[in-house]
Amino acid sequence: MKKADPDSLPPTSAKTMALLVLLLIGLIIATAKASLYPSQPATWEQLHNPRANSLADTNRILTESGAIIEAFKASQATSTETWNMKHRTGTWTILVRYTKSPAGDAVQSIQIRREISHLPSFTRTWDYPEPSASAVLPVPATTTPAQ
C-alpha cells in the first residue's frame, strides 16, 4: 500500500474554508452562551410566579426536577428553605421564602442562584417576583460632617 503524497491532494476551496471557519465560530459562541447564561429547567417556569403556587406545589416541582433540600430556617413570620441541585457545569441554589398564616403556608418569594463551577467568581441570580422600580427604596443622601 502506497502512502499518499500531501502535495498530490487537491486544495480546499476558499468557500469551504470560510464555511468551516463560520461553523467553528458559531460553535464557540453557542458553547460560551450555554456555559455563561444557563437556562433553568423547563419545570421551573411555574416558579416564576411564586404567589400563584402553594408551598406544597413549589416543593413538588423542585423535588421532581432533582433538587434536594439542604437547609430550613424557621422564624415567627417568614421561613426559608434552601434547595440545591447539582449540574455538570455547576450548582443551582434555590431559596424559597414563605409566610405562615392561619389559611396555610404561602410562598412569598423565590431566589434562584446559579454558580458556575469552572468560573468561580461568576454567579447569576434570578429573583421572583421580580423587583419593580416602584418597590426600590430611595437611598438616603450622604451628609458630610460640619467643619
Side-chain angles (χ1 to χ4, degrees), residues 6 9-147:
L9 296 175
T12 305
S13 70
K15 289 181 183 179
T16 304
M17 288 303 288
L19 181 68
L20 290 173
V21 168
L22 288 175
L23 180 66
L24 180 62
I25 290 171
L27 288 172
I28 290 170
I29 291 171
T31 302
K33 184 178 177 189
S35 297
L36 299 177
Y37 299 98
S39 58
Q40 299 173 12
T43 56
W44 290 6
E45 190 72 31
Q46 298 170 0
L47 299 177
H48 295 189
N49 187 4
R51 294 188 179 121
N53 296 325
S54 68
L55 182 62
D57 289 339
T58 301
N59 289 348
R60 178 188 51 78
I61 291 168
L62 290 171
T63 302
E64 288 176 356
S65 68
I68 299 169
I69 192 162
E70 187 171 277
F72 177 78
K73 184 190 270 188
S75 68
Q76 290 293 333
T78 305
S79 296
T80 304
E81 293 179 346
T82 304
W83 294 76
N84 275 333
M85 187 172 85
K86 301 277 186 205
H87 189 264
R88 63 180 168 74
T89 59
T91 305
W92 291 91
T93 303
I94 306 99
L95 298 174
V96 179
R97 290 180 187 88
Y98 62 94
T99 56
K100 300 174 186 179
S101 66
D105 296 336
V107 178
Q108 181 181 3
S109 67
I110 295 177
Q111 182 182 58
I112 300 173
R113 184 175 299 136
R114 176 73 167 109
E115 298 166 2
I116 298 175
S117 59
H118 55 275
L119 296 171
S121 63
F122 191 78
T123 300
R124 295 206 59 205
T125 303
W126 295 266
D127 291 318
Y128 301 105
E130 294 179 1
S132 62
S134 62
V136 176
L137 298 174
V139 177
T142 58
T143 59
T144 58
Q147 294 179 356

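Sequential numbering from 1 along the given sequence is applied to the chain's residues.
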Worksheet item: Can you name the nearest heavy-atom pair linking Thr43 to Ser65, along with the distance?
Response: OG1-CB, 3.7 Å
Discussion item. Over 60° means perpendicular and under 30° means parallel, so tell me whether Tyr128 and His48 are parallel, tilted or perpendicular.
Written reply: parallel
Worksheet item: If you measure from CG on Asp127 to CZ on Arg113, what distance do you get to the nearest 0.5 Å?
Response: 8.5 Å
Discussion item. Applying side chain to side chain contact (heavy atoms under 4.5 Å, CB included) to Asn53 and Gln46, what does each step give before you reach the verdict?
Written reply: CA-CA 8 Å; Asn53 296 325; Gln46 298 170 0; 4.2 Å; yes
Discussion item. Tell me the closest heavy-atom pair linking Pro129 and Arg51, and the distance in Å.
Written reply: CG-NH1, 3.6 Å
Discussion item. Testing the basics here: between Trp92 and Ser39, what is the closest heavy-atom pair and its distance to 0.1 Å?
Written reply: CZ2-O, 3.6 Å
Worksheet item: Just wondering, more than 12 heavy atoms not from Ile68 lying within 6.0 Å of its CD1?
Response: no
Worksheet item: Passes side chain to side chain contact (heavy atoms under 4.5 Å, CB included), Leu47 versus Leu62? Steps please.
Response: CA-CA 9 Å; Leu47 299 177; Leu62 290 171; 3.8 Å; yes
Worksheet item: Of the non-hydrogen atoms in Pro41 and Met85, which two are nearest, and what is the gap between them?
Response: CG-CE, 3.8 Å
Worksheet, complete the sentence: Only residue of Leu55, Thr78, Asn59, Thr80 satisfying side chain to side chain contact (heavy atoms under 4.5 Å, CB included) with Tyr98 is Leu55
Worksheet item: Would you say the side chain of Glu45 lies within less than 4.5 Å of the side chain of Gln40, judging by non-hydrogen atoms?
Response: no
Worksheet item: Roughly how far apart are Leu95 CG and Ile110 CD1, rounded to 0.5 Å?
Response: 10.0 Å
Response to the item:
Closest heavy-atom pair, Lys100 versus Ser75, reported as atoms and distance to 0.1 Å, is NZ-O, 3.6 Å
Item to complete: Please step through side chain to side chain contact (heavy atoms under 4.5 Å, CB included) for the pair Trp83 and Thr63, ending with a clear verdict.
Response: CA-CA 9 Å; Trp83 294 76; Thr63 302; 3.5 Å; yes
Practice prompt. Go through Ile94 and Ile112 one step at a time and tell me if the side chain to side chain contact (heavy atoms under 4.5 Å, CB included) criterion holds.
Written response: CA-CA 5 Å; Ile94 306 99; Ile112 300 173; 4.2 Å; yes
Practice prompt. Calculate, to the nearest 0.5 Å, the distance between atoms CD and OG1 belonging to Glu115 and Thr125 respectively.
Written response: 8.0 Å
Discussion item. For the CG atom of Leu23 and the CD1 atom of Ile28, what is their distance to the nearest 0.5 Å?
Written reply: 10.0 Å
